[in-house]
J.: 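The structure follows.
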There are 2 protein chains.
Amino acid sequence: MATIRDVAQRAGVAPSTVSYVFNGSRSISEETRRKVREAVEALGYHPRASARTLRSSRTRVIALALPRAAGGRHAVDGRFAIELSDAAHGLGYDLLLTTSEDKAEGLRRVALSGLADAAVLMAVDMEDARIDVVRELAFPAALIGRPADEDALPWADLDWAEAAATTVRTLAAAGHRELVYLAPAEREVSAGRSYALRGIAGARRGAAEAGCAVEVAHALDDPDLMAARLRVLFGDARDGGAGAGRRPTALVVQHPSAHHHILASLHAATGLRVPEDLALVVIGTLPDDPSSSRLPRIELPVRTLAVEVTRLAVAAAEALRAPAAGVDGAEDRPAARLLADSVGHLLVPPAPLPGATGSLTARPPAV
Amino acid sequence: MATIRDVAQRAGVAPSTVSYVFNGSRSISEETRRKVREAVEALGYHPRASARTLRSSRTRVIALALPRAAGGRHAVDGRFAIELSDAAHGLGYDLLLTTSEDKAEGLRRVALSGLADAAVLMAVDMEDARIDVVRELAFPAALIGRPADEDALPWADLDWAEAAATTVRTLAAAGHRELVYLAPAEREVSAGRSYALRGIAGARRGAAEAGCAVEVAHALDDPDLMAARLRVLFGDARDGGAGAGRRPTALVVQHPSAHHHILASLHAATGLRVPEDLALVVIGTLPDDPSSSRLPRIELPVRTLAVEVTRLAVAAAEALRAPAAGVDGAEDRPAARLLADSVGHLLVPPAPLPGATGSLTARPPAV
DNA sequence: CTGTTAGCGCCTTCAA
DNA sequence: TTGAAGGCGCTAACAG
């Protein structure tokens, strides 16, 4: 466990010189640089993160606050965690995962103990308690998700409302008059999750604009219950023709990870076939998921969101650290103000993908 | 940003007293304790992790080394990341995600810079390069996956070989004579992934023991290619009866995350129905995944593995730190030896789940 | 272009 | 039961 002094001694220079070689903030002669490099090599020296952090109050770590609410979302959350880690590494940061029952607890602890320079917050609610926490602590943070107060903190999100609206409009334009919008589970809605509420609102708006009818229902985790609900929504096509004229002809599913089993049970539950009897579009699928690649869909741009939100988080951390050099009067603004001034957003417009069957624009079944 | 001195001053005690109140390793009068607590409360004091770590060389962080090989595994890796984070919190640790292209690079950096007390390694190969790395660095580590050298490091894993073998035996006992074992993608095999190789070996062993035939094939990411391969394996039942007698009657899928699309395309590709025409069992599904809950399967016990491997990693870290107090002659053993002495394993036996249809024990179709 | 030095905040030994 | 003091390893003035 060599220290910077060992290296300095072996290279015949001062510790600070070694430090500067690593941090490169002053000019070093090529000769000295070489000697230091050799000593570093010979001793297998690597700077200690804790000492650096103590001295510079900079961790080069980003925290991911991932509330562990009951039920689902594993797939999406896990995928984001991995992509965020990649994105953080791309900017020279590591990613610290803080899962906690209490939404704000882990975040508070990480901020207070100085474990990270900034935080990325997932599972954002419209009125998210963590927004107040990070503002109170003047801790740099960025959200994956669009809260009600859009200027409170930087955020990045898919435009769920427009994704739903454009999907409904497109289906209406193809002739569908009665649609079902299968939104995330009810618990997501009652928790106030931004993506769920915005998706539903967008579906309603799209229907109003296009003059068609949309029924909003919620996904269920249990396959049997889900099948039963599908039967209520669509009836059973095998029960004879009665009521077929009233049956919805299109289904939009906004359920980030569980559309698999919905699809799987759709035919068994209702006798309907996609796309012959029913047009189907999924909103919020994960990229590179073979089981959704054949469906008409709007993907969740995980990579883009991860990269951008990481950038925003890092930018917030740096805004706090370098108080707007060059801008006069900027020196003594309080930390909270510095952070507030640095908010930026990214609202990714939905990019509908056709799927293999092209069923998005399928005409409704003849009645 | 209050420090321990601020607290001490306000409480009218020495800094060391405050420290002892936090770390509780000597007796403090109730009176003093109260004064300190009040000062802590009033100042919002929280100890700085970096200072603690610098002083004690203890981070209370566990690193997760997650090689980012191309293709798939997102779902499983992400799920493990989340469960490991929960498990780490349960033991008072945080989880640092280090994804890297180069399998060993991130791990080496984290170990050398002292960012973590121990590492958990995922995507374990039979001969894993990282095993040498952590041994060389004498860095505590535990594996999710069972390497060829089982005594090199502590590990926890599902018994993939027995999972495959027991599945094949059960199917054979139900009368199936020709089975297909759809193993993970070829890249996983050629990379030497432990779970893939052991699963295949187990399937072959089970078939040999039961006296039935098993054909091993590999999953493909692309749905169209996968469908084509299924057609090769099973033919198309709608092409008339020719060759139906030779068709395999059971399919075992060992593909941790992509069995969804395999199922989805099975009927379209071959005309076969599950379970009427084909018995199907999936090995390595994720718990709480509605889309696999109806299938006969052997789940990947993510929670158990995460908890146990975390325990093993922490135990290794502590073995290094407290050299077997009480055992004589233990004081001056080298670090590598201390770690080697503390290896433990957990091999989780497979627990077959019946699925809703009970197709696991379905008799083969009449020929 | 390089060296010297003073801490960053905390834990822990030693002394009382 | 409590205080005082040293130093973990590093960075960034300040001084040459």
Side-chain angles (χ1 to χ4, degrees), chain A residues 1-37 39-40 43-61 92 109-117 321-322 325, chain B residues 1-37 39-40 43-61 109-117 321-322:
Chain A
M1 202 198 65
T3 77
I4 203 171
R5 298 180 48 145
D6 301 327
V7 175
Q9 199 153 22
R10 191 173 220 274
V13 300
S16 59
T17 301
V18 178
S19 173
Y20 284 119
V21 167
F22 270 80
N23 300 294
S25 58
R26 85 180 184 192
S27 47
I28 312 264
S29 77
E30 195 45 58
E31 167 69 2
T32 305
R33 199 180 290 278
R34 188 188 50 70
K35 284 191 299 187
V36 169
R37 268 201 300 257
V40 165
L43 298 172
Y45 169 75
H46 200 103
R48 305 242 125 212
S50 56
R52 275 181 123 132
T53 296
L54 178 58
R55 186 54 235 241
S56 62
S57 59
R58 199 174 199 283
T59 61
R60 302 217 67 109
V61 168
R109 187 176 52 79
V110 165
L112 255 23
S113 61
L115 272 168
D117 294 335
R321 163 171 301 271
Chain B
M1 202 199 61
T3 78
I4 204 172
R5 299 181 47 145
D6 301 328
V7 176
Q9 197 154 24
R10 191 172 221 273
V13 300
S16 58
T17 301
V18 179
S19 174
Y20 283 116
V21 168
F22 270 81
N23 300 295
S25 58
R26 87 180 183 191
S27 48
I28 312 264
S29 76
E30 195 46 56
E31 167 68 1
T32 304
R33 198 180 290 280
R34 188 189 50 71
K35 284 191 299 185
V36 169
R37 268 202 299 257
V40 165
L43 297 173
Y45 169 76
H46 198 104
R48 305 240 127 215
S50 56
R52 271 171 117 118
T53 295
L54 178 59
R55 183 56 233 247
S56 62
S57 58
R58 199 173 200 281
T59 61
R60 302 217 69 108
V61 168
R109 187 176 53 79
V110 166
L112 256 21
S113 62
L115 271 167
D117 294 336
R321 162 170 303 271

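Keep in mind that the numbers below use all heavy atoms, side chains included, and drop hydrogens, waters and symmetry copies. Every chain is numbered from 1 and lettered A, B, ... according to where its sequence line falls, protein lines coming before strand lines. Keep in mind it's a predicted model, so treat the numbers as computed, not measured.
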J.: Does the side chain of B:Val36 reach to within under 4.5 Å of the side chain of B:Val13, using non-hydrogen atoms?
T.: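 A side-chain contact exists here, since the closest heavy-atom pair is under 4.5 Å.
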J.: Which is true for A:Gly12 with a 4.0 Å heavy-atom rule: it touches a base, it touches only sugar-phosphate, or it touches nothing?
T.: sugar-phosphate
J.: Within the 4.5 Å heavy-atom criterion, are A:Asp117 and A:Val61 side-chain neighbours or not?
T.: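 A side-chain contact under 4.5 Å is absent here.
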J.: For A:Arg26, look at atom CZ and say whether over 12 heavy atoms of other residues, nucleotides or ligands are found less than 6.0 Å away.
T.: yes
J.: Between A:His46 and B:Val13, who's closer to the 5' end of DNA chain D by nearest nucleotide?
T.: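 Looking at the nearest nucleotide for each, B:Val13 comes out on the 5' side.
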J.: Does C:dC8 have OP1 or OP2 sitting under 4.0 Å from an N or O in the side chain of A:Thr53?
T.: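 No, because none of the side-chain N or O atoms of A:Thr53 sits under 4.0 Å from OP1 or OP2 of C:dC8.
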J.: For A:Thr32, which contact category applies under a 4.0 Å heavy-atom criterion: base, sugar-phosphate, or nothing?
T.: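 The answer is sugar-phosphate, as A:Thr32 gets under 4.0 Å only of primed atoms, P, OP1 or OP2.
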J.: Quick one: B:Leu112 CG to D:dG9 P, roughly how many Å, whole number?
T.: 14 Å
J.: My understanding is that only residues two or more places apart in sequence, or in another chain, count here; which of them pass side chain to side chain donor-acceptor pair (under 3.5 Å) with B:Thr32?
T.: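 Result, side chain to side chain donor-acceptor pair (under 3.5 Å) vs B:Thr32: B:Ser29.
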J.: For a 4.5 angstrom cut-off between non-hydrogen side-chain atoms, does B:Tyr45 reach B:Asp6?
T.: no
J.: Roughly how many Å is it from CD1 in B:Ile4 to P in C:dG7, rounded to a whole number?
T.: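 Those two atoms, CD1 and P, are 19 Å apart.
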J.: Filter on side-chain hydrogen bond (donor to acceptor under 3.5 Å, both in side chains), then keep only pairs touching residues 14-23 of chain B, sequence neighbours left out; what's left?
T.: B:Ser19-B:Asn23, B:Asn23-B:Arg52
J.: I'd like a table of atom pairs between the protein and nucleotides 12-16 of chain D - only N or O on both sides, under 3.5 Å - with the distance next to each one.
T.:
residue : atom : partner : partner atom : Å
D:dA12  : N7   : A:Tyr20 : OH           : 3.4

J.: With a non-hydrogen cut-off below 4.0 angstrom, is B:Phe22 in contact with a base, only sugar-phosphate, or nothing?
T.: nothing
J.: Report the C-alpha separation of A:Arg37 and A:Glu30 in whole Å, then their side-chain angles, then the decisive distance to 0.1 Å, and conclude whether the salt bridge (charged side-chain N to carboxylate O under 4.0 Å, His left out) test is met.
T.: CA-CA 10 Å; A:Arg37 268 201 300 257; A:Glu30 195 45 58; 3.4 Å; yes
J.: Just how far, in rounded Å, is C1' of D:dC10 from CG of A:Leu54?
T.: 8 Å
J.: Provide, to the nearest angstrom, the distance between the CZ atom belonging to A:Arg52 and the C1' atom belonging to D:dC8.
T.: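 From A:Arg52 CZ to D:dC8 C1': 16 Å.
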J.: Using OP1 and OP2 only, check whether a side-chain N or O of B:Ser29 sits under 4.0 Å from D:dT2.
T.: yes
J.: Rounded off to whole Å, could you give me the CZ-to-P distance for the A:Arg60 and D:dC10 pair?
T.: 17 Å
J.: Could you state the CZ-P distance from B:Arg5 to C:dG9, rounded to the nearest angstrom?
T.: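 Taking atom P of C:dG9 as the reference, CZ of B:Arg5 is at 10 Å.
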J.: Once you round it to whole Å, what is the distance between C1' of C:dC8 and CZ of B:Arg48?
T.: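 To the nearest whole Å, that distance equals 10 Å.
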J.: For B:Glu30 and D:dT1, give me the distance from atom CD to atom C1', rounded to whole Å.
T.: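 It works out to 13 Å between those atoms.
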